[in-house]
Amino acid sequence: MTFLLDGFDSDPGDSGLPSSGAPAVDEALLAGLNPQQREAVLHRGKALLIVAGAGSGKTSVLTRRIASLLQTREAWPSQILAITFTNKAANEMRERVEQLVGGAAEGMWISTFHSACVRILRRQAEAMGLKTAFTIYDSADSRALLKRIIKELEVDTLGLTVPSVAGKISKLKNELSDVDSYARSVNADDPADAAFLEVFRRYTESLRRANALDFDDLIAETVHLFRAFPEVAALYQRRFRHILVDEYQDTNHAQYALIRELTRPVEPQHVPADTRMRLDANGGIPGASLTVVGDSDQSIYAFRGADIRNIVEFERDYPEARVILLEQNYRSTQNILDAANSVIASNFDRQEKNLFTTAGAGDKITGFTGYSAYDEAQFVADEIQKLREAGAAYSDMAVFFRVNSQTRALEDILIRSAIPYRIAGGTKFYERAEIKDAMAYLVQVANPADDLALRRIMNTPKRGIGPATEAALQAHADRLGVPLRETLRDADQLGLGPKVTKAIIDLGTTLDEVEAMVPTAPPADVLTELIVRTGYVDALRATRDPQDEVRAENVEELLSFTKEFARRNPEGRLIDFLTEVALVAAADEIDDASGSVTLMTLHTAKGLEYDTVFLTGIEEDLLPHRMSAGEPGGIAEERRLFYVGITRAKKRLFLSLAMTRAQFGDTAVAMPSRFLQDVPGHLIEWRQSPGQANSRGGTRSRALNAPTRQRFSYSTSLPPAPNREKREWTSAVTGAVRDNGDLTLAPGDRIRHTDFGEGRVVDVTGTAPKAVAEVQFDTAGRKRLLIKIAPIEKL
DNA sequence: TAAACTGGCCTTTTT
DNA sequence: GGCCAGTTTA
C-alpha cells in the first residue's frame with residue numbers, strides 16, 4: 001500500500017500535535033473575526049466543538065482554521081480530512097482554503113462522508129471481498145432489488161412493503177447492524193420478523209454477488225473495514241492528523257463511529273519503525289485532533305438516522321473537548337433573527353442560544369394567505385417580479401417548500417409569469433428512466449457482476465428478450481453460480497428461438513467488447529460506443545411518442561456531461577464518473593450564476609443563504625407534516641425545519657400559506673401552521689392574513705397573533721364543499737394555461753385573462769414563443785405573462 | 001411479445 | 001390527479 005503523500009509519517013513542523021498556547025498564525029488570517037471565532041480558529045487540542053448558530057460564520061472559521069494549520073506548518077495538506085454535508089460545500093471550502101494559503105492545498109481530503117468512504121473502499125476493496133469497481137446503488141436501485149426479493153419470497157402478505165423494508169434496512173445499517181447481528185436479536189417466532197430477516201439476508205447476498213454497495217453500506221462497510229483490519233485503520237489514523245466535521249448534528253451512528261475509529265490513537269504495533277512522528281509514552285501515535293461544528297437547533301435528519309446525541313454528548317465522548325459558542329449572526333436582519341429565535345425557543349430541552357446581529361432591524365416579514373396553492377404561487381410570482389423591478393437579481397431569491405409535490409403549482413405560475421426558475425433536486429435528471437437506462441449500460445461494462453443493471457438493459461431497447469427468456473437465463477446463471485452476464489454467451493445452449501438467441505449473443509458480444517475499452521477509454525467514448533452499438537438513442541427517435549425525442553436529447557445531454565467530466569478530470573475513468581454521478585446531491589446542482597430563482601425543499605436549503613426567501617405552505621399537515629405528528633420528537637424536528645428555513649433569509653422573508661390545498665386530486669381545507677403562532681405579531685405584516693382571506697376583504701380582520709388558542713377557529717366555519725367556496729372566491733388564481741399558438745399582442749391591446757379579468761397590454765418584450773406581455777389589469781394589478789401559454793384572449 | 005387499458009394507491013424530508 | 005402494476009387484446 002503506497003500513498004502519494006508529502007510528509008506521510010512525519011510531523012511537518014516543530015510544534016507537536018497537542019500543543020498548548022496559541023500558534024503563531026498570520027494576523028491576516030484572523031482579520032474581521034470576532035473573539036469567539038478567533039478562538040475557534042486558534043484553539044489547539046485534541047477535541048473542539050464549535051456550536052455555530054445559523055449564519056454565525058462557521059464556514060469562515062473552518063476554512064481559516066484549516067488555513068492556519070497549513071500556514072504554521074502544523075500540518076501537511078494531506079494530513080487534513082474535512083467532512084462537509086454536500087459536494088458543493090466541499091468544493092467551496094477547498095477553494096476558500098486555497099485562496100487563503102495560496103494554492104498549496106493539494107492532497108487535502110475535503111469531501112462528504114460518502115465520497116470519503118468510497119475513496120477508502122475502492123482502495124481497500126479486496127480486503128472486503130469486493131472488486132474495486134463496485135457499483136453504488138442509489139435508493140431507487142435498492143428499492144428495485146428489494147421489490148424483486150419481496151416478490152420472489154411472496155412475503156408482501158405479511159405487511160412487508162418495499163418502502164418499509166428499505167427504511168428498516170437503512171436504519172439497521174446506520175446502527176451498524178448486519179444480518180447476523182440482527183438475526184441474534186430477532187424473534188424468530190414472529191413470521192413478519194422472520195420474513196424480514198430473510199429479505200434482509202437475500203438483499204445482502206444479492207448486493208455482494210453483484211459487487212455492489214448501497215448508500216448506507218458506504219459508511220457502515222468502512223467502519224467494519226477499520227474494525228476488522230486494524231492495520232488498514234492505522235493507515236488512515238496515521239495519515240489524518242486533523243479531522244474536521246461540519247453539520248455534526250446531522251451525523252448518524254455509523255458516521256459517528258467512523259470518526260471515532262479515525263481519531264483513535266495508533267497502536268504501537270502499527271507504527272512503522274522509521275516513523276518521524278511524535279510518539280506517546282507507549283510508543284503509539286496519539287489520536288488525531290477532532291473539530292466538529294454543529295447546531296442542534298438545525299438538526300433535521302433524524303428520519304435518516306441522524307442522532308442529535310452525537311453533538312449533545314460530544315463533551316462526554318471527548319472529555320478534554322473545548323466548546324466554543326458562536327451566536328453573532330452575520331447573515332440576517334434582526335427582525336428575521338427575532339422570528340427565528342422566537343420559533344426555536346418553543347422547543348424545550350435545548351441548549352439556550354440567542355442569535356443577534358448588528359445589522360439593524362430591517363424589513364418586516366411579509367405574510368400572505370392565498371385561497372389556493374395557485375393563489376399563493378401567484379403572490380410569490382408577483383413579489384418576485386416587484387423585487388426584480390426594484391433591481392434585485394433572480395438568483396438572489398429562493399422559494400422553499402416542505403414537500404416536492406408543492407412545486408407543481410409554483411412551477412405552473414412561474415412559467416406563466418415568465419419568471420426563470422430552477423428546481424434543486426426535484427425530479428432529478430439522473431432519476432429519469434432513459435438516463436438510468438444509459439447509466440445501467442455504463443454500470444454493466446464497469447461491473448459485469450451487476451445483475452440488476454443487466455436486467456434493466458437486457459430488453460432496452462426492445463430486442464425480444466422478454467420475462468420468459470430472462471427467467472431461463474437466470475435459471476442457467478443460478479445453476480452455474482455465475483453472474484447473469486456470463487450466461488449471455490451460452491444462450492445457444494438454452495433451446496431458445498433462433499431470433500432471441502441471436503439477440504442475446506449480440507448483446508453479450510457488444511458488452512464484452514465495450515468492456516474491453518473501459519480500462520483505457522474515457523467515459524464519453526464508452527458511452528458513445530454503447531449508444532451506437534445498441535441503437536438505444538435511435539430506437540427512442542424511431543417511436544411515435546413525442547416524449548421520446550426529449551428522452552433522446554436527455555441521453556445526449558448525459559453524453560455531454562461525460563465530456564465535461566473529462567475536461568475537469570483528464571485522467572478520470574468510467575468508475576470515477578459513475579461514482580460522481582452516484583453521489584450527487586440536490587444541493588450540488590444549484591448554480592449560483594444561473595440567473596434564476598431557485599426552488600427547493602427545506603431540507604435541501606440547509607447551509608444555504610439568499611437575500612430573499614419565500615417560505616411556502618406554512619400549514620398544518622404540511623409544516624409540521626402530517627406524517628411527523630406520530631413520531632416522537634417529530635413536531636420538534638419540524639419546528640427546526642421551519643427555523644432552518646427562516647434563518648436562510650438575509651434581507652427579506654415571506655411566509656405564505658393557502659386555505660385549500662389539492663391532495664390526491666381533490667381539494668382539502670388547510671389550516672395555518674401552529675408555528676405561525678411562535679412568530680411575534682409585530683414582526684409580520686400580513687398582506688392578507690388567514691382571517692382576512694376568509695372574509696374576502698370584509699371588515700372582520702382577525703389578527704393572526706391574537707393571544708388566544710381559538711384564533712384559527714374560522715376554519716371550522718368553512719363549508720365542507722370546497723367547490724362551492726371556490727366560486728365565491730372571485731380572485732382565486734387557478735393556474736390555468738392554454739396554447740395560444742402564435743398569438744401576438746401589442747401595447748394598447750385589451751385582453752381578458754381567466755384569473756385576472758380584463759386589462760391593457762402596456763409592453764411586449766422578447767420574441768415568440770418566448771414573448772412576454774406586461775399587462776395592467778383593471779383590478780388585479782400589473783402582471784407579466786408568457787403570451788404563448790397564458791389563459792388570455794384578445795378583446 | 002408489445003401496446004393499450006384499467007384499477008389501486010399514494011405523498012415527507014435525502015446521502 | 002398521476003404513477004405503477006397487472007391484465008387484456010392484437
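These numbers were taken from a predicted model, which means no experiment stands behind them. These numbers come from the heavy atoms of this one structure, side chains and all, not from hydrogens, waters or symmetry mates. Order of the sequence lines fixes the chain letters, A, B, ..., with proteins taken first and strands second; residue numbering starts at 1 for each chain.
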Exercise. Specify the residue among H625(A) and H114(A) whose closest nucleotide of DNA chain B lies further upstream toward the 5′ end.
Key: H625(A)

For [N], does either OP1 or OP2 sit under 4.0 Å from a side-chain N or O belonging to [X]?
{"X": "T86(A)", "N": "dT15(B)", "answer": "no"}
{"X": "N404(A)", "N": "dT14(B)", "answer": "yes"}
{"X": "K88(A)", "N": "dT15(B)", "answer": "no"}

By the 4.0 Å heavy-atom rule, please label [X] as base, sugar-phosphate, or nothing.
{"X": "R402(A)", "result": "base"}
{"X": "E631(A)", "result": "base"}
{"X": "F113(A)", "result": "nothing"}
{"X": "K499(A)", "result": "nothing"}
{"X": "S405(A)", "result": "base"}

Quiz item: Does any donor-acceptor pair link the side chain of S139(A) with the base of dT15(B) at a separation under 3.5 Å?
Solution: yes

To the nearest Å, give me how far apart [atom1] ([X]) and [atom2] ([N]) are.
{"X": "N252(A)", "N": "dT14(B)", "atom1": "CG", "atom2": "P", "value": "16 Å"}
{"X": "E431(A)", "N": "dC3(C)", "atom1": "CD", "atom2": "P", "value": "14 Å"}
{"X": "K173(A)", "N": "dT15(B)", "atom1": "NZ", "atom2": "C1'", "value": "14 Å"}
{"X": "R408(A)", "N": "dG1(C)", "atom1": "CZ", "atom2": "C1'", "value": "7 Å"}
{"X": "Y256(A)", "N": "dT15(B)", "atom1": "OH", "atom2": "P", "value": "25 Å"}
{"X": "M600(A)", "N": "dT15(B)", "atom1": "CE", "atom2": "P", "value": "13 Å"}
{"X": "R143(A)", "N": "dT14(B)", "atom1": "CZ", "atom2": "P", "value": "12 Å"}
{"X": "F400(A)", "N": "dT12(B)", "atom1": "CZ", "atom2": "C1'", "value": "18 Å"}

Ion pair present between [X] and [Y], side-chain N to carboxylate O less than 4.0 angstrom?
{"X": "D621(A)", "Y": "R626(A)", "value": "yes"}
{"X": "E638(A)", "Y": "R402(A)", "value": "yes"}
{"X": "R416(A)", "Y": "E411(A)", "value": "no"}

Quiz item: Within 45° of the ring axis of F85(A) and under 6.0 Å from its six-membered ring centre, is that where the NZ or CZ of K606(A) lies?
Solution: yes

Exercise. Using modelled atom types only, decide if a donor and an acceptor are shared between the side chain of N174(A) and the backbone of R304(A) within a distance under 3.5 Å.
Key: yes

Could you pull out the protein-nucleic contacts involving nucleotides 1-3 of chain B (nitrogen or oxygen on both sides, under 3.5 Å)?
from, atom 1, to, atom 2, distance (Å)
dT1(B), OP1, T469(A), OG1, 3.3
dA2(B), OP2, N459(A), ND2, 3.4

Quiz item: Will you find, in the side chains of T112(A) and S115(A), an N or O donor that is under 3.5 Å from an N or O acceptor?
Solution: yes

Quiz item: Nearest of dG6(C), dT12(B), dT14(B) to any side-chain atom of V403(A)?
Solution: dT12(B)

Self-check item: Ring centroid separation H603(A) to F400(A) under 6.0 Å
Solution: no

Practice problem: Answer yes or no for this row: F303(A) ring on dT13(B) base, centroids under 5.5 Å, planes under 30°. | Solution: yes

Quiz prompt | Plane angle bin for H114(A) and F215(A) - parallel if under 30°, tilted between 30 and 60°, otherwise perpendicular | solution = perpendicular

